[in-house]
Amino acid sequence: QVTLRESGPALVKPTQTLTLTCTFSGFSLSTSGMCVSWIRQPPGKALEWLALIDWDDDKYYSTSLKTRLTISKDTSKNQVVLTMTNMDPVDTATYYCARIWCSSWYIDYWGQGTLVTVSS
Amino acid sequence: QSALTQPRSVSGSPGQSVTISCTGTSSDVGGYNYVSWYQQHPGKAPKLMIYDVSKRPSGVPDRFSGSKSGNTASLTISGLQAEDEADYYCCSYAGSYTFHVVFGGGTKLTVL
């Protein structure tokens, strides 16, 4: 059974760095074709792709946010970590981690999401 | 990268069919057969409904179907049911020289 769970602070202050951890089970990120991604959704708005890491440790970032994002994985712990620097109130959103089959670029499993509010 | 274009809202009565369009460019929707569709109920995580343009995951009713023509993909829901009321998002691979995937802006489906 595949599960993903996001964890991290619910509230961060402007200019701070956000660190989110995705802990997953039921699959291995070292399997060829397997990827994990972070996606966010501001309240009442659309989904936005943030970052992706693949089984070969290649990393890809949203062009508009790439200077602020870092994605990494710890295969032994079944975790993927996202850091986002210089947080702003517009970054308030539900942040999801998700499993992707990079052979066909679709998400078959999502975490439940974690709401991050940016406010002083 | 620009989001794929979807209608803000569509509606239909129970039993009817509705189609949601998703328009991109030759660099995403038109260039690859890697279009997927997601259903999202309020407060819930999205759920995969269609992948590879027209394939249905196990457990998704065959009332849901997908297609593509040129730079526009479509999701058709036939025999509308009350539980189909949700937000729907399309998603496409956008190639290895840009950020790899892009979402549509979402469509609110209302079952009248």
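Each chain gets a letter, A, B and so on, in the order the sequences are listed, and its residues count up from 1.
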Pairs satisfying ring pair (Phe, Tyr, Trp, His ring centres under 6.0 Å), at least one member in residues 42-92 of chain B, at least two apart: A:Tyr106-B:Tyr51
Hphob cluster co-occupancy, A:Trp101 + A:Val2, side-chain heavy atoms under 4.5 angstrom: yes
Distance-minimising heavy-atom pair for B:Leu48 and A:Ile107: CB-O, 3.4 Å
Proximity breakdown for B:Tyr38 and chain A, heavy-atom pairs closer than 4.5 Å: side chain
B:Gln6 portion near chain A, given a 4.5 angstrom heavy-atom threshold: neither
A:Lys66, part contacting chain B, at a heavy-atom distance under 4.5 Å: neither
Hphob cluster co-occupancy, B:Met49 + B:Val18, side-chain heavy atoms under 4.5 angstrom: yes
Cluster overlap B:Tyr93 with A:Trp55, hydrophobic side-chain contacts below 4.5 Å: no
Residue B:Arg63 excluded, over 12 heavy atoms near CZ under 6.0 Å: yes
Linked, directly or transitively: A:Leu50 and A:Val116 (ILVMFWY side chains, under 4.5 Å): yes
Interface residue of largest heavy-atom contact number with chain B, from A:Gly111, A:Ser104, A:Gly113, under 4.5 Å: A:Ser104
Smallest separation among heavy atoms of A:Ala46 and B:Gly104, with atom names: CB-O, 4.0 Å
Minimum heavy-atom distance B:Cys91-A:Trp49, with the two atoms named: SG-CZ3, 3.6 Å
Under 4.5 Å from a heavy atom of chain A, the part of B:Lys55 involved: neither
Spacing of CH2 belonging to A:Trp105 relative to OG belonging to B:Ser92, to within rounding of 0.5 Å: 11.0 Å
Single-linkage hydrophobic cluster, 4.5 Å side-chain cutoff, A:Trp110 and A:Val36 together: yes
Nearest atoms (heavy-atom pairs only) where B:Gln40 meets A:Tyr96: NE2-OH, 3.3 Å
Residue selection (most heavy-atom pairs with chain A, distance under 4.5 Å) from B:Pro46, B:Gly105, B:Gly106, B:Pro42: B:Pro46
Contacting region of A:Ile100 [heavy-atom separation from chain B under 4.5 Å]: neither
